[in-house]
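Everything on this sheet refers to the single structure shown next.
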Amino acid sequence: MTTAITLVQGDITRQRVDAIVNAANSSLLGGSGVDGAIHRRGGPAILRECRALRASRYGRGLPTGRAVATTAGELDARWVIHTVGPVWSADEDRSELLASCHRESLRIADELGARTVAFPAISTGVYRWPLQDAARIAVTAVRESGTRVEEVRFVLFDERAYAAFAARLG
Ligand code: APR
């Protein structure tokens with residue numbers, strides 16, 4: 001079964017999918033951008049589970065490139081899969097960590113039995129990763145993942161991000 005990769009320009013918190021991937025930070029305690037939007041619209045149940053994860057398995061925070069699932073709270077999804085993208089660096093190639101965010105999120109989606117998964121353009125906001133390069137890494141990682149997810153939907157917030165991803169799928 002092949003995975004359909006689709007693109008949508010819009011707000012990831014309004015997607016009706018099984019799992020929504022959050023561009024989190026290692027604290028798992030919220031932030032701005034996608035992270036802020038997911039916690040705002042998803043409500044306190046998400047943060048409660050994130051706090052429980054910090055109190056148990058992730059005492060020192062979720063490492064970059066790893067992913068963990070919580071409830072989706074009030075969102076139109078069953079789960080939020082939180083992943084921590086790498087901050088872009090001119091001196092160090094962190095591409096493998098960005099690829100890992102996608103592979104690990106899909107591995108967890110498969111464990112959960114999620115069939116549709118929405119991804120934001122991880123690391124391309126506060127973490128300053130150039131859009132074209134992030135799109136290349138993200139699409140390649142999904143294509144090579146071997147996931148059983150039926151639809152991976154990249155939800156891009158603006159025209160520029162949409163165009164960057166569309167250029168990779170063409
Ligand atoms: N829906 C879809 N995409 C969005 C939304 C939204 N509601 N809000 C922002 N984006 C886009 C941004 O335009 C950017 O292209 O998501 C991409 C990722 O941007 P960020 O959310 O800033 O995530 P990232 O660059 O991975 O930085 C993560 O930011 O919010 C904090 O706590 C978070 O410290 C972490 C850091």
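If you read the sequence from its start, that first residue is 1, and numbering goes on from there. What you are looking at is a predicted structure, and each value in this text was computed from that prediction instead of being measured. Just so you know, ligand 1 is whichever comes first in the structure, and atom 1 is the first atom listed for that ligand.
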Measure the distance from [atom] to every protein heavy atom, then report the residue, atom name and distance (to 0.1 Å) of the closest one.
| atom | value |
| --- | --- |
| atom 12 (C) of ligand 1 | Phe157 CB, 4.5 Å |
| atom 1 (N) of ligand 1 | Ile12 N, 2.9 Å |
| atom 14 (C) of ligand 1 | Thr124 OG1, 3.3 Å |

Heavy atom of [X], distance to ligand 1 below 4.0 Å:
| X | value |
| --- | --- |
| Gly36 | no |
| Ser32 | yes |
| Gly10 | yes |

What I want to check is whether the side chains of Thr70 and His82 have a donor and an acceptor closer together than 3.5 Å.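 Yes, because at least one side-chain N or O of Thr70 sits under 3.5 Å from a partner of the opposite role on His82.
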Does the N or O separation between [X] and ligand 1 drop below 3.5 Å for any pair?
| X | value |
| --- | --- |
| Val126 | yes |
| Arg128 | no |
| Leu131 | no |
| Val34 | yes |
| Ser123 | yes |
| Ala121 | no |
| Asp11 | yes |

Below 4.0 angstrom, counting only protein heavy atoms, does anything approach atom 5 (C) of ligand 1?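 Given the 4.0 Å cut-off, atom 5 (C) of ligand 1 counts as touching protein heavy atoms.
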Any sub-3.5 Å donor-acceptor pair from Glu49's side-chain atoms to Thr71's backbone N or O?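 Pair found, side chain donor or acceptor close to backbone of Thr71.
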What pair of heavy atoms forms the shortest contact from Asp11 to Gln15, and how long is it?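 That would be O-NE2, 3.2 Å.
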Could you check whether Asp110 pairs with Arg107 (Lys NZ or Arg NE/NH1/NH2 to Asp/Glu carboxylate O, under 4.0 Å)?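 Salt bridge between Asp110 and Arg107, a charged N being under 4.0 Å from a carboxylate O: no.
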With Thr64 via side chain to side chain contact (heavy atoms under 4.5 Å, CB included) - residues at least two apart: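 Side chain to side chain contact (heavy atoms under 4.5 Å, CB included) list for Thr64, sorted by chain: Val84, Pro86, Leu97.
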Before you tell me yes or no, could you show the steps for Asp76 and Arg14 under side-chain contact (heavy atoms from CB on, under 4.5 Å), namely the whole-Å CA-CA distance, both residues' side-chain angles and the distance that decides it to 0.1 Å? CA-CA 7 Å; Asp76 225 344; Arg14 294 186 180 282; over 6 Å; no
Listed once per pair and sorted, the salt bridge (Lys or Arg N to Asp or Glu O under 4.0 Å) pairs that draw on residues 159-170, sequence neighbours left out: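 Listed once each, the pairs would be none.
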